[in-house]
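To start, the structure under review is shown below, and the notes come after it.
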There are 2 protein chains.
Amino acid sequence: MKTQTATRKSFRREGEDKRREDLIAATLQCVAERGLAGATVREIALRADVTPGLIRYYFPAKDDLIGAAYRAVMNRMTVQASDALENADSDPRARLSAFVTANLGAPIMDPHNLSLWAGFIGLVHADPSMAAAHRDGYLGFRDELEALIRDALLAAFKPAEKSVTRRHAIAINAIIDGLWLEGCLAGDIFADGELAETGIAAIEAVLGVSLAIEGGAK
Amino acid sequence: MKTQTATRKSFRREGEDKRREDLIAATLQCVAERGLAGATVREIALRADVTPGLIRYYFPAKDDLIGAAYRAVMNRMTVQASDALENADSDPRARLSAFVTANLGAPIMDPHNLSLWAGFIGLVHADPSMAAAHRDGYLGFRDELEALIRDALLAAFKPAEKSVTRRHAIAINAIIDGLWLEGCLAGDIFADGELAETGIAAIEAVLGVSLAIEGGAK
DNA sequence: GCTCTAATTATGCAAGCGTATAAATACTTG
DNA sequence: CAAGTATTTATACGCTTGCATAATTAGAGC
């Protein structure tokens with residue numbers, strides 16, 4: 001008989017890139033909502049509206065998908081921060097200020113991003129390839145920040161040798177990261193924009209430079 | 001026959017407190033070495049030299065053990081930082097300095113602690129009881145820091161109203177957290193004590209107060 | 001030293017995991 | 001429109017996981 005077998009799932013063939021993106025997006029959704037442990041192959045497939053087997057067609061092992069997802073998050077945040085610079089004032093001090101504000105506001109300062117980041121960080125210590133991915137992201141961010149700092153110092157006619165900018169970059173990176181953390185973890189106990197203002201004030205103090213230019217941005 | 005059954009494991013009855021501590025310590029070991037995922041009931045039992053069943057005798061569910069372990073880490077770090085104050089100078093500025101140095105050096109600034117912290121933080125967003133545990137720890141730390149800041153400001157004859165100390169506490173907490181992160185993640189790319197020095201310099205700039213007292217500590 | 005009980009071990013189960021592989025099907029190409 | 005292939009589904013296997021429960025035993029109290 002078998003007149004009506006349980007109807008096989010219909011599907012479309014998506015481009016390779018599209019599928020990879022979808023799978024990564026589904027992974028991020030899982031991690032954000034239920035932690036790394038919630039990102040099972042089956043759950044990810046469900047969210048991507050795909051069968052589990054397909055995941056292994058695009059990613060040799062689950063860890064590869066996880067790693068790709070991690071890089072995607074870091075990359076997304078980096079790009080969002082850089083975007084803020086595109087539309088920013090041309091004055092280096094205003095640019096630095098805009099960079100900080102972008103990192104300490106939506107959509108970068110978001111609990112989901114922290115969950116993702118934290119989930120992955122736990123692996124950095126164990127998995128060398130993850131550690132490499134992390135270091136690249138970190139150094140890239142700090143280099144970008146260091147360049148902004150140098151330009152801001154020069155615009156204020158302050159010394160900006162490498163040894164100075166390096167130390168400032170470390171400190172200011174810490175300020176941004178630390179405030180980002182606070183905001184992600186307990187955004188509700190801070191007023192809107194409070195963390196960004198606090199960050200800018202602290203950075204101004206560290207650099208000894210005012211970032212608010214007359215006739216300011218926008 | 002049965003002349004020699006496969007020898008049942010011998011054991012001693014430990015006090016309830018001792019056992020709990022041992023189980024928590026074993027859990028932390030697992031998390032630190034292989035991430036939260038590595039902290040399975042069986043592995044934890046192995047490290048505690050105990051059979052898996054015993055864990056459920058002391059902790060109704062695995063999550064309860066995990067939560068207890070999280071609180072233990074946070075508590076340990078808090079206590080270690082406070083200990084540094086016990087043996088510190090009496091000058092408030094030196095005390096603040098000592099507090100910062102303690103948080104940015106061994107044993108607090110350690111990759112293992114970060115792994116632990118990160119693993120747990122991923123759960124904060126999902127599990128309300130974990131979120132409560134976290135907020136308590138965070139606010140406790142910030143309150144302690146805020147008190148230190150107030151005293152340091154007063155010692156330097158600077159205004160120290162609540163609104164001022166609150167904002168400073170937020171910023172300085174960020175500096176400490178951020179540098180702690182950097183150090184934990186990539187301690188090897190920093191010179192010894194570099195992060196503590198950087199932190200103190202940044203904090204001095206933010207407060208407008210020198211923390212180095214003539215005739216310094218010790 | 002016997003007894004009793006609480007602490008501990010031993011055993012097992014059901015569920016969920018990642019992965020392997022074979023079968024089916026939507027497209028591409030001629 | 002037929003054939004071929006890359007993409008996708010379906011199925012299943014072996015392992016590990018958290019948890020339940022029964023059997024044991026160490027140590028306290030009389």
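- F141(B) and F99(B) have tilted rings, their planes meeting at an angle from 30° to 60° on a 0 to 90° scale.
- Using a cutoff of 4.0 Å between basic side-chain nitrogens and carboxylate oxygens, E144(B) and R142(B) are not scored as salt-bridged.
- Which of dC19(D), dT19(C), dT8(C) sits closest to the side chain of T51(B) comes down to dT8(C).
- Remark: P of dT9(C) and CG of L23(B) are 10 Å apart, rounded to the nearest angstrom.
- Rounded to whole Å, atom P of dA10(D) lies 17 Å from atom OH of Y57(A).
- Taking for each of E43(A) and R19(B) the nucleotide of DNA chain C with the nearest heavy atom, the 5'-most of the two is the partner of R19(B).
- Using a 4.0 Å heavy-atom cutoff across all strands shown, T40(B) reaches sugar-phosphate atoms only and no base atom.
- Contacts of R135(A) classified as salt bridge (Lys or Arg N to Asp or Glu O under 4.0 Å), with partners at least two apart in sequence or in another chain: D188(B).
- Rounding to whole angstrom units, NZ of residue K18(B) and C1' of dT8(C) are separated by 15 Å.
- Rounded to whole angstrom, the span from the CG atom of D63(A) across to the C1' atom of dC17(C) amounts to 13 Å.
- Per the geometry, CG belonging to L46(A) stands 14 Å off C1' belonging to dG16(C), to the nearest Å.
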Could you run down nucleotides 20-30 of chain C 5' to 3' and tag each one B, S or - for protein heavy-atom contact under 4.0 Å? S--BSBBS---
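- Taking a cutoff of 4.0 Å between a charged side-chain nitrogen and a carboxylate oxygen, K9(A) and D49(A) qualify as a salt bridge.
- With a 6.0 Å cutoff to the six-membered ring centre and a 45° limit on the axis angle, R19(A) does not count as a cation-pi contact of Y57(A).
- In this structure, the CG atom of L65(A) is 15 Å from the C1' atom of dC17(C), given to the nearest Å.
- Put simply, CG on L54(B) is 15 Å from P on dC19(D), counting in whole angstrom units.
- How far CG of L179(A) is from CD1 of I200(A): 10.5 Å, rounded to the nearest 0.5 Å.
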Side-chain donor-acceptor distances from residues 38-46 of chain B under 3.5 Å, at least two apart:
residue, atom, partner, partner atom, Å
T40(B), OG1, E43(B), N, 3.0
E43(B), OE2, R47(B), NE, 3.1
E43(B), OE2, R47(B), NH2, 3.3

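- At the phosphate of dT8(D), OP1 or OP2 sits under 4.0 Å from a side-chain N or O atom of Y58(A).
- When rounded to the nearest whole Å, the span between CD1 of I55(A) and C1' of dC17(C) equals 12 Å.
- At the heavy-atom level, E14(A) lies under 4.0 Å from the strands shown only through sugar-phosphate atoms.
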